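Every number for a ligand or one of its atoms is a count from 1 in the order of the listing. Here the structure is a predicted model, which means the values were calculated and not measured.
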Amino acid sequence: MPLHLIWAEDEAGGIGQDGDLPWRQRTDLQRFKALTLGHAVVMGRRTWESLPFPLPGRENMVLTLDPSWRDEGAERTTLEEVKARSEAGETLFVIGGGEIYALMLPDASEVFRTVVHTTVEGADTHAPRLDAAEWSLESSERVAAQEGDQHDQTFERWAR
Ligand SMILES: NC(=O)c1ccc[n+]([C@@H]2O[C@H](COP(=O)([O-])OP(=O)(O)OC[C@H]3O[C@@H](n4cnc5c(N)ncnc54)[C@H](OP(=O)(O)O)[C@@H]3O)[C@@H](O)[C@H]2O)c1
């Protein structure tokens, strides 16, 4: 069941503010691209609207409850379709946001979590907590801020 979730959270679990990411972390975006390139990416309609353009080299799949929703560069999908494709052996990445991470976490096999070493005041969207009884930390690497990063960050991989 290769359904992977990928997100970046601050030290208090904040992931978003005013419909956008609350930081600029170039190194994290590079890691995000390297992991997701060539795969389908699944996102909520609000995260889709936060993107400047469809993510290139990836099938952009959008979850919405509006059956008439359409937009250029993306396909509407359903939770059932996402689960069916992952159960058939395809690797898909769920890329946000808060509502969709919480919805899909029970079906996920791995989580790629970046901890951004800051605490955003007024974050309005949060990541779900990873229950230590269900999830184990497989790898963790702290990387100092590089050019284009506002903060240090730790790249983690969690498996169920
Ligand atoms: N730090 C990170 O890694 C990261 C990653 C991604 C996003 N973000 C941030 O997260 C925020 C957006 O997150 P969010 O929680 O507000 O919204 P979201 O999870 O991106 O999208 C929520 C939308 O998903 C649709 N939806 C919800 N349940 C559904 C279901 N059961 N079936 C089908 N569609 C369903 C609904 O769309 P309709 O209203 O159209 O029905 C809902 O409004 C932004 O600030 C963004 O920048 C952060």
Write out the residue and atom name of the closest protein heavy atom to [atom], then the distance separating them to 0.1 Å.
| atom | answer |
| --- | --- |
| atom 12 (C) of ligand 1 | Thr47 OG1, 3.7 Å |
| atom 4 (C) of ligand 1 | Leu21 CD2, 3.5 Å |
| atom 1 (N) of ligand 1 | Ala8 O, 2.8 Å |
| atom 25 (C) of ligand 1 | Leu63 O, 3.4 Å |

Option set [options], criterion heavy-atom distance to [atom], minimum:
| atom | options | value |
| --- | --- | --- |
| atom 47 (O) of ligand 1 | Ile15, Asp20, Ile95 | Asp20 |
| atom 44 (C) of ligand 1 | Gly14, Gly19, Ala123, Gly97 | Gly19 |
| atom 11 (C) of ligand 1 | Val62, Thr64, Asp66, Thr125 | Thr125 |
| atom 42 (C) of ligand 1 | Gln17, Arg45, Glu99 | Glu99 |
| atom 43 (O) of ligand 1 | Met43, Gln25, Arg46, Glu9 | Arg46 |

Side chains of [X] and [Y]: donor-acceptor distance under 3.5 Å anywhere?
| X | Y | result |
| --- | --- | --- |
| Arg160 | Ser109 | no |
| Glu141 | Ser139 | no |
| Asp66 | Thr64 | no |
| His4 | Thr91 | no |
| Glu11 | His117 | yes |

Check whether any N or O atom of [X], backbone or side chain, sits under 3.5 Å from an N or O atom of ligand 1, and answer yes or no.
| X | result |
| --- | --- |
| Asp124 | no |
| Ile6 | no |
| Ser50 | no |
| Leu65 | yes |

* **Close side-chain approach of Leu105 and Trp135, heavy atoms under 4.5 Å** =>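 Touching, per the 4.5 Å side-chain cut-off.
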* **Partner set under side-chain hydrogen bond (donor to acceptor under 3.5 Å, both in side chains) for Thr27, not counting sequence neighbours** =>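 Listed in chain order: Asp149.
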Test of understanding: given a 4.0 Å heavy-atom threshold, classify the contact between [X] and ligand 1 as side chain, backbone, both, or neither.
| X | value |
| --- | --- |
| Leu103 | side chain |
| Ile100 | both |
| Tyr101 | side chain |
| Asp18 | neither |

Which of the atoms of ligand 1 are close to [X], meaning less than 4.0 Å from one of its heavy atoms?
| X | value |
| --- | --- |
| Gly98 | 13 (O), 14 (P), 15 (O), 19 (O) |
| Leu79 | 31 (N) |
| Trp7 | 3 (O) |
| Gly96 | 6 (C), 20 (O) |

* To do: Indicate, with yes or no, if Tyr101 and Val42 share a hydrophobic cluster defined by side-chain heavy-atom contacts under 4.5 Å among Ile, Leu, Val, Met, Phe, Trp and Tyr.
  => yes
* Indicate if Val41 and Val62 have the same hydrophobic cluster label, given that clusters are the connected sets of ILVMFWY residues with side-chain heavy-atom separations under 4.5 angstrom. => yes
* Asked: With sequence neighbours excluded, what pairs up with Ala12 under the side-chain contact (heavy atoms from CB on, under 4.5 Å) test?
  -> Asp10, Thr119
* Asp28/Arg24 salt bridge by N-O under 4.0 Å criterion ->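 Here Arg24 does not pair with Asp28 in a salt bridge, since their nearest N and O are not under 4.0 Å apart.
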* To do: Determine, for Arg113 against Glu9, whether the closest basic-nitrogen to carboxylate-oxygen distance falls under 4.0 angstrom.
  => yes
* To do: Please work out which of the three classes, parallel, tilted or perpendicular, describes the rings of Trp69 and Trp48, given edges at 30° and 60°.
  =>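 Correct class here is perpendicular.
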